Trainee: 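Take a look at the following structure, please.
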Amino acid sequence: MILNEILIAGFGGQGIMLMGKLLAYGAIYKGLEVTFYPSYGPEMRGGTANCTVVISDQRIGSPVRNEFAYLMAMNQASVDKFSERIKPGGVIVCNATLVESPPERRDVKIVKIPANQIAMEMENPQVANMVAMGGLIHELKIISYESLTKGLVRVLPQYRHNLIPLNEQAIQKGFEALEKKLNLEGYDEQSKGTNCDQPGTV
Amino acid sequence: MILNEILIAGFGGQGIMLMGKLLAYGAIYKGLEVTFYPSYGPEMRGGTANCTVVISDQRIGSPVRNEFAYLMAMNQASVDKFSERIKPGGVIVCNATLVESPPERRDVKIVKIPANQIAMEMENPQVANMVAMGGLIHELKIISYESLTKGLVRVLPQYRHNLIPLNEQAIQKGFEALEKKLNLEGYDEQSKGTNCDQPGTV
Amino acid sequence: MKRVYGKPDAMTDVPFPYCPGCSHGTIHRLIAEVIDELEIADRAIGITSAGCSVRNWRQFDCDMVMALHGRGPAVATGLKRAQPETVIFTYQGDGDMAAIGTGEIVHAASRCERITVIYVNNGVFGATGGQQAPTTLIGQFSTSYPTGRDPRTSGYPLKMAEMLARVSPESYIARVSIHNVKNIIKAKKAIRQAFLVQIEDRGFGLAEVLAACPTNWRLEPVRCMQKIKSDVIPYYPLGEFSSQSLKAQ
Amino acid sequence: MKRVYGKPDAMTDVPFPYCPGCSHGTIHRLIAEVIDELEIADRAIGITSAGCSVRNWRQFDCDMVMALHGRGPAVATGLKRAQPETVIFTYQGDGDMAAIGTGEIVHAASRCERITVIYVNNGVFGATGGQQAPTTLIGQFSTSYPTGRDPRTSGYPLKMAEMLARVSPESYIARVSIHNVKNIIKAKKAIRQAFLVQIEDRGFGLAEVLAACPTNWRLEPVRCMQKIKSDVIPYYPLGEFSSQSLKAQ
Amino acid sequence: MVVEQSTYLAVSEKNLMSGNEAIGEGAIRAGCQFFFGYPITPQNELFEFMAQMLPQTGGTFLQSESELSGINMVYGAAAGGGRCMTSSSGPGFTLMGEGLTTLATAQMPAVVVCVTRAGPGLGRIASAQSDYRLATRGGGHGDYQCLVLGPASAQELYDLTYEAFELADRYRNPVIILSDAILGQMMEPVVTDHLPRMKTPPKEWAVRGKGTNPRKVIKVAPHTDEELIDWNRQLKKKYQLMQDNEQRYEALLTRDAELIVVAFGSTARIVLDSVLRARNEGMAVGMFRPISLFPYPQKALEEIVRQGTRKLLVVEANNGQMVQDVRLAVCGAAEIAHYGFGGGHIFSPYEIYREIRRLGKS
Amino acid sequence: MVVEQSTYLAVSEKNLMSGNEAIGEGAIRAGCQFFFGYPITPQNELFEFMAQMLPQTGGTFLQSESELSGINMVYGAAAGGGRCMTSSSGPGFTLMGEGLTTLATAQMPAVVVCVTRAGPGLGRIASAQSDYRLATRGGGHGDYQCLVLGPASAQELYDLTYEAFELADRYRNPVIILSDAILGQMMEPVVTDHLPRMKTPPKEWAVRGKGTNPRKVIKVAPHTDEELIDWNRQLKKKYQLMQDNEQRYEALLTRDAELIVVAFGSTARIVLDSVLRARNEGMAVGMFRPISLFPYPQKALEEIVRQGTRKLLVVEANNGQMVQDVRLAVCGAAEIAHYGFGGGHIFSPYEIYREIRRLGKS
Amino acid sequence: MSKAKGQIAINPARCKGCGLCIWVCPQKSIKTVDEADRRGIRIACCAENAPCTGCGFCYMVCPDTAIAVYKESTTEEPAD
Amino acid sequence: MSKAKGQIAINPARCKGCGLCIWVCPQKSIKTVDEADRRGIRIACCAENAPCTGCGFCYMVCPDTAIAVYKESTTEEPAD
Ligand SMILES: Cc1ncc(C[n+]2csc(CCOP(=O)(O)OP(=O)(O)O)c2C)c(N)n1
Ligand SMILES: Cc1ncc(C[n+]2csc(CCOP(=O)(O)OP(=O)(O)O)c2C)c(N)n1
Ligand code: SF4
Ligand code: SF4
Ligand code: SF4
Ligand code: SF4
Ligand code: SF4
Ligand code: SF4
Ligand SMILES: [Mg+2]
Ligand SMILES: [Mg+2]
C-alpha cells in the first residue's frame, strides 16, 4: 500500500498552501486518496505557514500528523523546526537557496534544490514554489508531472490561468534539476527509501 | 393525624389570598404544618381567584390539590365551579349573601354564613372576608380564634394595622354566627364530619 | 341608517384580552383599519411579540408569526427576505423593542429593512406586572423601582423614535399618541405611512404610539389619557423624526 | 539628553501583537498615557473584548477583566456597581460594540453609567478576517460582501457616537481620529475627557476613535492614514456629540 | 406582587413565605448584595423582592436590559468580589448560557435561579420541570459545569439558596437553583434565624484596582493553547471534586422498597402523597429525591437500588429529562420507567399513585 | 479565506474542498437559498463561501448583527418556506439556544452548523469537540430536540449537509451539523454530482400572506395550557420517530473486537489510524463511529457490544461528553473508559494507540 | 354636523366599561348601565334622550372596538 | 523649534516597520534598515546626517510605541 505524509513548510508569501493543494490535486489525478491540512503560525498575519498532505491508496485517517515521510522545507526556519519530525528513511527536500544549514540527520535522505535560484534564472522569482514542487514530486515518485500540472487550472485563480505554461515550465525545471542529479549531496545510500514503513503506518 | 385541604374561592377584590394567608398563619400559631397555594383565573386582571391551604400535623406533600375537605365559597361562581371537588364528608361554607343556589350535594355538610350582610351590618363591607373566616374556622375546628387573629399583624400591611381590632371583631362575628347555629340549614347529619378520611389522605 | 364606523375586516371577532381601557386595543384597530384601506390583508404578515399583546395573532385576520421576546425585527427580516412580496409588520411593546430587542431594532432600522414596526410605548412592562420599562418616566413608580425611576440608578427614559431616526436614512419614523380623537386620527395616518414606506419600497417604517396601561399605571382609563397629555408627551414629543425618503418622492 | 517621549508606565513591556501599522497600538498608548497622567493605574480596571485586541490585558499594567463579545458595557456596569471607587474602561471594536453588543452599549449609555468606553471604529471585523462591520463604508469591500457594501442589502454605516449621544443626557461622547499628529493629540484629549467624566462622577464617557486596519483594508499604513482623512472622516465627522454635563460644570 | 415591607427580616419566628421570596430571603441572609435581572413570569416575586429589599440593605438592584446583559453584569460584580445573583425562567434562562460558560470559565462565583415554566419556545407560565437538562448539561459551549440544586419546599429554597452562595465561593463556580412555578408561588412557613447573617467573604482574587499590589487579570481565555488545555484539566478536577463531595438527596421508605419513585422539586411533593398512600395500602414503595441535580446523587441511588429494588419510576413534569441520570446511576440494576409530560401538566397524587400501582403489579 | 470563483459547482470530477466549503456546497446543492450568520473563527470559510455563492445562485446572504439575531432571521425565512441555514462556533452557537428552541417549537426546518472550537468561555480557535453536549442536549429550555449529525470527512460534510435539509423538511425540525475546526480547515476530494440539485420543496404550512385562503399562524406558544401539553406530546412522538429511524453509524472491524474505540468527527479520523495500527499488531480492536449524535446509534452499539466486546474506549476532544451516551447505550454490558481532554488538544494516532494497548492489556 | 342624526350600537361582549366613550362623546349620549354583568363589568350604553350625531368619536377612542356607529343617509368621513 | 537637538531610539523588538514614523517626520530623519530581521521585517532607524529636532511626531504616530525621543536639556511639552 501507499502512504505518504508530506509536510510543506515556509513563510507566508512563499505560496506554501498553493503547493499543498497542487500536490493534493496531483494525487487526485493519480486516482489516490488525499488530505490537505493547513496550519498558520501564531502570528496575526504573515509569519510562518505549513501544510500537511497525506496521500494514500486507501482511506486516510488523520489529516493531522506529527511525523512525516517527507519534508519540503522552503526556508531555514522550516528545516530547524521540522526536520526532527521526519521518520527515519524519510526525505527532506530543502530549498537550497534559502536553506543555509541543511539538517544533520543521516537516517533520512536529504535533497537540495535551489528553487529560488532556478526561478530567478527563469526571471520569475515568484515561481520558486513551483520549482520546488518539481523537485518534490521527483522524490515522491507516486505523483507524475502530468497529474501535477493538470491541477494547476484548479488551484490558480482564473485571472492567473495565463501563467499556467510558466508554472508548468517551473515544475519541469525543478524536476529536471534533480533528475540530472545536480545539487545532490550529503545523501546516505543506506537510508534511501521513498516510502517509509515505520510502525504506525499502514 | 390531621390533614385538611381547604379551598377558598371567590373573585378578585374579595380578599381571597388574604384569607388563605391568614388561615395559614392560624395553622402556624397552632404549631401545625401548612402550605398555601394561590391561583388566579386566566383573565388578565380581576376575574376569579382561589387558593388552596393544606394544614397537617405532618409533613405536607403536594400544595396543589384536586380534591378538598373544605370549600370556602365566597360567591356563586365558586360554588358552581368547585363544589364537585369536595370529598364526601367534607364541608362547604357558602357566603350566603352572594350564593343564591347552594350546592345540591347531600354527602357534604353545607354551611351558610351571610358574610357580606354581617359585614354590612358592621358598616364595614370590606371585612366580609373576615366574617367568612370566622365561619370557616368554626367549621375547621383545629384553628382557634386566637391563633387566627394572631396572624393579622403578619398579613396586613403596616398601614392597616389600625384596622386589626375591626378585623378581629369581624372574625368573631362570623364565628358566633355559626356558633349560634344561626343560618344553618340543609345539613345532613349522616355525612357530618370535619376531617374526612378518604383514600388518598394520610 | 348606514354603518359609518365599525369593526374593520382585518380584525377577527375574538374580543381583546386586554384590561379595560388598555391602548393595545385601540392600536390593534388602527392597524386593522389601515390593512383594510390599503387592501393588503391577503399579503400582510404580522409578527407578534412577548408582552400583553403576545397572543394578538388571534386578533388580526391575516397570516401571523410569533416571535420570541425582542426578536420581532430579526424574524421580520428573515421573512421579508424570503417573501419580498408580502407586507410585514411587527407589533412590539417598549419592553420588547426598547429593552431586550434593542440590537434587533437598531440594526433593522439601519438596514432600512422594508418592514413596518408598530411600537407601543406604554412606559411599563405590562405583561409581567408593571416593572420599569426603558421608557418609564423619571419619578414614575414601577414594581422594579417602587420609589420611582431615578436616573442615577437606572438611567433616562429611552427615546426610541429619535434614536432610530438617527441611524435609518431611508425610513419613516414618527411618534404619535392615542389620547384623544384628534391624535387617534393622526396616529392612524402615521401607521399608514409606516406601511406605505414599506409597500412602496422606500424604506423602513416605524410608528411609536404613546399608550396607556391603566392597570400598571394604577389609574382610570380617562385619567390615563390625561396623563399621556400632561406627563408623557412633554417628554416624548410627537412628530415625524425621519421621513427623508418620503419628502424625496 | 532627557527622555521626552517614551512608553508610558501604564503599559507593560509586552510588544503589541497587532499587524504593522494597526491603530490599536496607537490607541492603547494613548489610553496608557491618560492613565498615567490621571494617576489612576492603581484603581483603573480595563475590560477587554473579542476582536484583535482580545488579549490586550497583556498590554495594560492595571487590573483587567475579559468580557465576552459585545458584553463589555454589561460587565463594566456590574463591576462599577460593585466597586464604585474604581475607574472602569471598556475597550471595544466596532464589531464588538456596534454589532453584537448594541443592546449593552445603548443601555449603558442611557443609564449614564459611570464608565469609560474606548470604541475603535476601524470599519471592519479585523480579528475574524475582514468581514463587514456595522461601520463599513458604503461601497467598501469586505469578505462578507466582496462586491462592496450595498445599503440596499446590508444597510447604512452606523454612526454610534451620534446615536448614543441621543440617548445619554449625562455624558461625554466624542469622535476623534488618529490619522495624523494633530488628531492624535486631540484623540488623547477626548480619551482623557471620557475618563474624567467618569472620575468626576458626571456621567458616561465614550471616545469613538477612527482607526485603520491595514491588513483588511489591504492598504499600506500610510495610505490608511490618508484614507481615514479622505474617505472615513467625511462620513464620520469628528467632534463632540454630547458634553452637556461638562458644559454645565 | 410587591412585598410591602420587610417584616421577615426582623422576626425570629416562622414566616409564611412564597418559594420565590424564600430564595430572596436566603440570598440576603447569605450576604447577597447585587441583583441584576430582567422580569419574567413566574419568577417576578423574587425579582421584585430583591428590588424592594436590596436598596434597604445597602445592596444594589439593577434591572438589566435583558437576561444576556443581566448575567454579564453578574459576572462583572462577581469579578469585583461581590456576592451576586440573577434569576429568570425558561426563555431568559436560555439566554444566560453565554454568561454561565463565562462565569464557569473565569471561575467566578454567582447564584443563578431558574423558576421553571412550561416550554419549549415562548411556552406558557404553567409550572414545569423541563429546564432540568438545560441546567444540568446545557446552556453554554465547552466543557464546563454548574452546581445545580433542586429544592422542594420554601424552607429548602431558603436554606439552599443561602448555601448556594457558600458553595459558589468555595468552588468559585456558578450555582444554579432550579425551582419551578409551583414552588415559586406556594407559601409555607420558613424559619430563618438558624442561619447566621453573612457578609461577603474576602476574595483575594477579586479586581478592585491593583493599588500597590501586582495587577490581577480575570480571564475567559488564556494566552496559549496549552494553557487552555491545562485550564480545562483544572476545571475537570474541580467538577470531579464537586461530584465527590456535593451529592445530596433524600431517601424515604427505601430500605425495603421494591419500587422507588424518583422525583425532584415540586413533583417530589406530589409523589410523597402518592407513595404514602401506596404504603398505606401495603405496597413496598419508597421515594428517592435528588436534591443536588449536578452532581447527581448517583452513589446513594446506586447503593439503595443494590439493596433489592426491582423497579424505578421516574416522575417529572417534563418528557423524561432526568431519566438519563437515573439510568446512568443504576446502570441496568433495575428496570426504569418514566411518567411525566412536558408542557405544564400538574400531577395529581392520585395519578402517580395509579402509576405506582400499575407498575407494582406488572 | 475568500473562495475566488465557483469552479466547484460546474465540474463533475473530484474537487478538493475544505470541510467548511463542503458544507456550503452541500447546502447550495440542497437548494439552500438563505444564509444568515455572524463571523466567527473557525467557521468563517463557510460564512464567506455563502457570502460569495448565494448571491450568484439567486439566494440571499445576510450578515446579522449577532448570532441571536441570525438564528431568528433563519426562523423568519423558514416560516416563509425557504431552505435556510446559519452557522457558528462555540460562543455563537451558545447564543443560538433561544433560536433552536424557537425553531423546534414552531416546527420550522432549518440547518444549523457548529464548527466547534475549544471552550469554554471565549476559549481559543483550536479544534475541539466540546459542544457535543450543547448540540445533543442543551441550548434552549423546554422539552425539545434537534437532530444532530456528526460527519467526519469533507465528503460526508457535503453529503450530510445536503441530507440535513431533507431531514429538516421531513421532520419539520432544526438539524445541527456538528463539525469541528480540523474538519473545517482540512481539504479533501469531494464528489458532488451524485446528488441531484434540489429546489425548495413546496411547504403548505409556510406563511406568504393568506391570499384567498384561510390565514395561517406560526406559533411558539399555543393558546391554552392543555394545547401546550398536547403540543409537547406531539413533539415527543416526533423525537421518538427520529430515534427509531435516524440512527446512523459506522462500525469497523467490530465483529471480533474485544475492545472497541468509540469516536466521532475528526477524532474518529485519528482513531482509525490507531485502530489499524493495533490491528496490525494483532490486537482485537474495532472502531464504532456514531454519525447521528442525536439520535445516538444506541441499537447498533448495543448489538455490537453484545457480540462479546469487553471494553469500550471513548475518545473525544473534550472532557468526556459522549461517555454518557455510550453508557446509556450499553448499560453495563461492557467496561467503559474515556480518553480525551477539553481545551483543544489534538490527538496523535500514537497516543490513542498507546491507550488502546494499555487497555487491551489490563 | 350636530344636526346629523346618528346612532350607536355597543357590543356587550366586547365592551369592558372603560368609560372612554362616555368621556369623549360631545353629546353626552353614552352612559354606563346600572347593573354589572357576569364579568362584574358595567358596560356602556346609550343615554336616553341624548342626541347622537354619529360623529364617531366614541368609536375612535373605544379600545375594544365595541362600538359601531350608524348615520342617516350620509357618507361623511370622520372629522379630521 | 527646528534648532532644538533631539534624538530618537527605536526598540527593534517593538518596531514592525510600518513606515508611519518615516512618513511623519518633518526632518526626514528616519528611514528603514536595509536588511529584514528574523521576522522578515525591515524596521525603522535613524537616517544619517538628518537633524532630529525631538518634536515627538514619530513617537506620536508609532502604533507600536517603539520610539523613545530624547531632547537636549529641555522639558518642553509636545506641540499642541
Ligand atoms: C427572554 C424573555 N425574557 C423575559 C420574558 C418575559 N416577558 C414577557 S413580556 C415582557 C415585557 C412586556 O413589556 P412590553 O414589551 O412593554 O409589553 P406590554 O406588556 O407593556 O405591552 C417580558 C419581560 C420573556 N417572555 N422572554
Ligand atoms: C459570540 C461570538 N460571536 C463571534 C465571535 C467572533 N469574533 C471575535 S472578534 C469579532 C469581531 C471583531 O471585530 P471588531 O470588534 O471590530 O474588532 P477588530 O478586530 O476589528 O479590532 C468576532 C465576530 C465571538 N468571539 N463571539
Ligand atoms: S396590563 Fe396594561 S398593557 Fe397589559 S393589558 Fe392590562 S392595561 Fe394593557
Ligand atoms: S487585522 Fe486589522 S485590526 Fe487586526 S491587528 Fe491586523 S491591522 Fe489591526
Ligand atoms: S357617534 Fe359621536 S355623538 Fe354619537 S355616541 Fe358616539 S361620540 Fe356620541
Ligand atoms: S369605550 Fe368601548 S369598551 Fe370602553 S366603555 Fe365605551 S364601549 Fe365600552
Ligand atoms: S512607526 Fe514605529 S513601528 Fe512603524 S516603522 Fe516607525 S518605529 Fe517602526
Ligand atoms: S522626534 Fe521629530 S524630528 Fe526627531 S525623528 Fe521623530 S519626528 Fe523626526
Ligand atoms: Mg410596555
Ligand atoms: Mg473593527
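Heavy atoms only: backbone and side chains are in, while hydrogens, waters and symmetry mates are out. As the structure is a prediction and not an experimental result, all values here were calculated from the model. Here is the naming used below: chain letters follow the sequence lines, and residue numbers restart at 1 for every chain.
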Trainee: Taking the side chain as every heavy atom from C-beta outward, state whether C:I199 and C:T116 have any pair of such atoms under 4.5 Å apart.
Mentor: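 Not touching, per the 4.5 Å side-chain cut-off.
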
Trainee: Please confirm whether the backbone N or O of G:A66 pairs with a side-chain atom of G:D64, one donor and one acceptor, at under 3.5 Å?
Mentor: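 Not a single qualifying donor-acceptor pair exists.
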
Trainee: For C:Y236 and C:T135, indicate whether the former's side chain and the latter's backbone hold a donor-acceptor pair under 3.5 Å.
Mentor: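 Here the side-chain-to-backbone pair exists.
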
Trainee: Side chain, backbone, both or neither: which part of C:I184 has an atom under 4.5 Å from a heavy atom of chain G?
Mentor: side chain

Trainee: Inspect the contact between C:R43 and C:D63 and indicate whether a charged nitrogen and a carboxylate oxygen are less than 4.0 angstrom apart.
Mentor: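 No, C:D63 and C:R43 are not salt-bridged.
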
Trainee: Between C:E220 and chain G, which part of the residue has a heavy atom less than 4.5 Å away: side chain, backbone, both or neither?
Mentor: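 Neither part.
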
Trainee: For C:H28, is it the side chain, the backbone, both, or neither that has a heavy atom closer than 4.5 Å to a heavy atom of chain G?
Mentor: neither

Trainee: Taking C:K159 first and then C:E208, would you say they form a salt bridge - that is, a charged N and a carboxylate O separated by under 4.0 Å?
Mentor: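 No salt bridge links C:K159 with C:E208.
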
Trainee: Heavy-atom pairs under 4.5 Å with chain G - which of C:R3, C:H24, C:K188 has more of them than the others?
Mentor: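 Most heavy-atom pairs under 4.5 Å with chain G: C:R3.
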
Trainee: Measuring heavy-atom distances to chain C, does G:V61 have an atom under 4.5 Å in its side chain, in its backbone, in both, or in neither?
Mentor: both

